[in-house]
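Side chains included, hydrogens not; waters and symmetry mates left out as well; all remaining heavy atoms used.
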Amino acid sequence: MPFSEILTIIMFVVVCLFLMAGFPVAFTLAGTALIFAGIGWIFGVFDFSLFGALPSRIFGGAMTNELLIAVPLFVFMGVMLERSKVAEELLDTMGRLFGTLRGGLGISVSVVGALLAASTGIVGATVVTMGLLSLPTMLRRKYDPSLACGSIAAAGTLGQIIPPSIVLVLLGDQISNAYVDAQRTVGNFSPEPVSVGDLFAGALLPGLALVGMYILYQLIVAFLKPDASPAIPKEELDDGVPLFGRVMRALVPPLVLIVAVLGSILAGVATPTEAAAVGSVGALLLAAVRISDKRPTPIYLAGIALIIMLFLTNTMDLRVLRDEIPTGDMAAIVAALICSAVLAWGMGVALIRVTQDAVLTQVVRSTLEVSAMVFVILIGASVFSLVFRGLGGDDMVHEFLTNLPGGIYGAMIVVMLVMFVLGFFLDFIEITFVVVPIVAPVLLQSDISPVWLGVMMAMNLQTSFLTPPFGFALFYLRGVAPPEVKTTHIYKGVLPFVAIQLIGLGVLAAFPGLATWLPKLVFG
C-alpha cells in the first residue's frame, strides 16, 4: 500500500479519535488535515499548492450557496415554535384526544413527535421538550417506564427523516454535488439535477410509514400488556372545555404552517430556501399569538395575507416588468401588494410582542449559535476533504468499494454500517460534510437513485441516534428524565423501536420506489 494511502487512513482515524475525545469539531477537522498535509509534504506525497483552491471552494460551497440559507431559516422556525409553547399545547391536546384509549398517551407522543418533526426538524429540542412534558405524565399514569422512554426517544428522532429536516437540507446539498461529480466521471456531462425538494418528497412516505409502525407497536403492546399502557379515565380529562375547540386551536395552526412550507416545495411554488422563509414568518406569527394575551387580530390578518400571497404566486403571473399586463394579473398584483402591507403590519406587531416577552432574543441567539456551528464545520470539512483528496484518499475509497464482493450492493452495506457506527460518536453534521462527499460519488456512479441513497442515509443515521449504548437521543432523554427512571429503562425501551427502524430500513432497501415514487410524481 502506498505511503499516501496509509497516511490517509491514519488521518481519518485520528480525526475520529479527537472528535470522540470532545475536541471542537471544525478546528479538529481543519487542524488534523493541516498537520497531515505537512507530514505528506515532508515525505513528498502532498502538494501545498492545492490550498490555492480552498478560498474558491469555501466561497462557492458556503458563501454563495443559496440552498444553505435554508439552514438558519429552518433553525429559526424550529426554535421559535419550541419557545412558543406549541409543543406543550400539542401534547396536552393529543393526550386528551387519545388518552381514554389504552396506549393513548404513547400514540399521542408518536403523533406529536411527527408534527414537531415536520415543524421544527431539530432532534435534540424535540426529545428534550417531550421528555420534560410527557415523561412525568406517562409515569404518573402508571405507564411502564421502559415503554414511556422508548416512545419519547423514538418520536424525538423523527426530525431526522420527516421533512423539512435540517439533515435532509444538508444531505441534499452534498448528494447533489456528489451526483454531479459521479455522473461526470462516467461521461454524463448533463445529469438531471437532484434538489433538496426531491429529498423532501422522497423522505415523506418512509417517515410517515415509521410513524404508522410506531403507533401500531403502541396498539400491540396495549393489547398484549394492558397494565403497561393504561387508559386515562374519561372524567379526569373533562375540564369543561370542548375537546373539538381545543383540538382545532392546538392542531390547525401548526398543520397550516407545515402544509404551507412543504406544500409550497412539493407544488413547485417555492424553493426550500423560500419555503423556509415562509416557515420562519409563520412561526413568528404563531408564536406571537401563543405567548401574548393581546388582541390577535393583526396576527390573524397577517396569516391570511400570507396564505393569499402563496395562492396568488401559484396561480397568477405577478411579474410587473411586462409591456402588457392583463386585467386579471393586474388585479392579482394589486391584491398581492395589499397583502404584503398587511403581512408587514402583522409581522411588526408580532416582533414587538415576542420582543416584549424576551423570546426573540433567545431565539435569535440560538439560531446564530446553531447556524455558526454548521458553517464553521462546513469550512473545516472543506479543508479536510481537500487534504484527503490530495493524499489520494478518494481513489483509495473508490478502489476499496468497487472491489467489495456483491458489487454496488456490497458497497452500500459497508457504507451503511460505517455510517451507523460513526453515528454513535459523531453528529449528523460531521457525517454529512465528511463521510458523504467521500463515499457518495463512488456509489452514485452506478444506476442507483440519489434520492433513495439520501433517504437511506437519513434513516440510517436516525436509527444510529436511537441505538444503545451511544445513541444521541438516549443522552438527551437521560438528561431530562426523573431520578426514578434508570438508564436501563431507556435502553430497554428503545430496543423495540430500533427493531422497527431496522425493519423500515430493510423495506426501503428492498423497495426503492418508496423513496422515488413521490418525487417522480410531483416533479416529473
Side-chain angles (χ1 to χ4, degrees), residues 1-65 68 170-171 173-182 184-185 372-403 414-415 418-419 421-423 425-445:
M1 180 181 291
F3 179 71
S4 61
E5 294 185 359
I6 296 174
L7 207 59
T8 303
I9 295 173
I10 297 174
M11 181 176 71
F12 192 83
V13 172
V14 169
V15 161
C16 291
L17 291 175
F18 276 132
L19 291 175
M20 285 187 279
F23 287 93
V25 176
F27 304 114
T28 297
L29 291 171
T32 305
L34 289 173
I35 291 172
F36 278 84
I39 296 173
W41 177 75
I42 292 172
F43 286 93
V45 295
F46 183 81
D47 185 1
F48 257 107
S49 64
L50 290 174
F51 280 106
L54 186 61
S56 60
R57 284 169 65 98
I58 295 174
F59 187 76
M63 301 301 106
T64 60
N65 191 340
L68 293 182
L170 299 178
L171 260 178
D173 180 56
Q174 297 299 317
I175 289 287
S176 175
N177 295 335
Y179 183 63
V180 171
D181 292 342
R184 286 175 178 170
T185 302
M373 177 188 68
V374 170
F375 285 98
V376 171
I377 291 175
L378 175 57
I379 293 172
S382 297
V383 178
F384 181 86
S385 62
L386 187 145
V387 175
F388 186 87
R389 293 173 185 271
L391 290 172
D394 52 344
D395 295 330
M396 181 186 66
V397 171
H398 182 274
E399 183 180 353
F400 171 74
L401 292 178
T402 52
N403 290 332
V414 170
V415 168
V418 170
M419 292 183 68
V421 174
L422 289 176
F425 312 106
L426 307 181
D427 194 56
F428 71 88
I429 301 173
E430 296 99 89
I431 295 175
T432 302
F433 286 150
V434 176
V435 180
V436 175
I438 294 173
V439 300
V442 181
L443 297 176
L444 292 174
Q445 288 180 24

Taking C-beta and beyond as the side chain, do Phe46 and Leu7 meet within less than 4.5 Å on heavy atoms? no

Nearest atoms (heavy-atom pairs only) where Pro437 meets Thr432: CD-O, 3.2 Å

Tightest non-hydrogen contact, residues Ser49 and Asp47, listed as OG-OD2, 2.7 Å

Nearest heavy atoms of Ala440 and Ile175, plus distance in Å: CB-CD1, 4.3 Å

Heavy-atom pair of closest approach, residues Phe433 and Val374: CE1-O, 3.6 Å

Please tabulate, one pair per line, all N/O donor-acceptor pairs under 3.5 Å involving side-chain atoms of residues 24-36, not counting sequence neighbours.
| from | atom 1 | to | atom 2 | distance (Å) |
| --- | --- | --- | --- | --- |
| Thr28 | OG1 | Pro24 | O | 2.6 |
| Thr32 | OG1 | Thr28 | O | 2.7 |

Report the relative orientation of the aromatic rings in Phe384 and Phe388; use parallel for angles under 30°, tilted for 30 to 60°, perpendicular for over 60°. parallel

Parallel under 30°, tilted from 30 to 60°, perpendicular over 60°: which one fits the rings of Phe48 and Trp41? perpendicular

Taking it one step at a time, do Phe375 and Ile379 satisfy side-chain contact (heavy atoms from CB on, under 4.5 Å)? CA-CA 6 Å; Phe375 285 98; Ile379 293 172; 5.6 Å; no

Give me the atom names and distance for the closest heavy-atom approach of Leu54 to Val383. CD2-CG2, 3.8 Å

One should read off an interatomic distance between Asp173 CG and Leu378 CG, to the nearest 0.5 angstrom, of 8.0 Å

Tabulate below the donor-acceptor pairs under 3.5 Å that side-chain atoms of residues 11-19 make, not counting sequence neighbours, or state none.
none

Just so I know, are the side chains of Ile9 and Met396 near enough to count as touching, which here means a heavy-atom distance under 4.5 Å? yes

Other residues, nucleotides, ligands: >12 heavy atoms within 6.0 Å of Phe51 CZ: yes

Which residues share a salt bridge (Lys or Arg N to Asp or Glu O under 4.0 Å) with Arg184, sequence neighbours left out: none

From CZ (Arg389) to OG1 (Thr8), nearest 0.5 Å: 12.0 Å

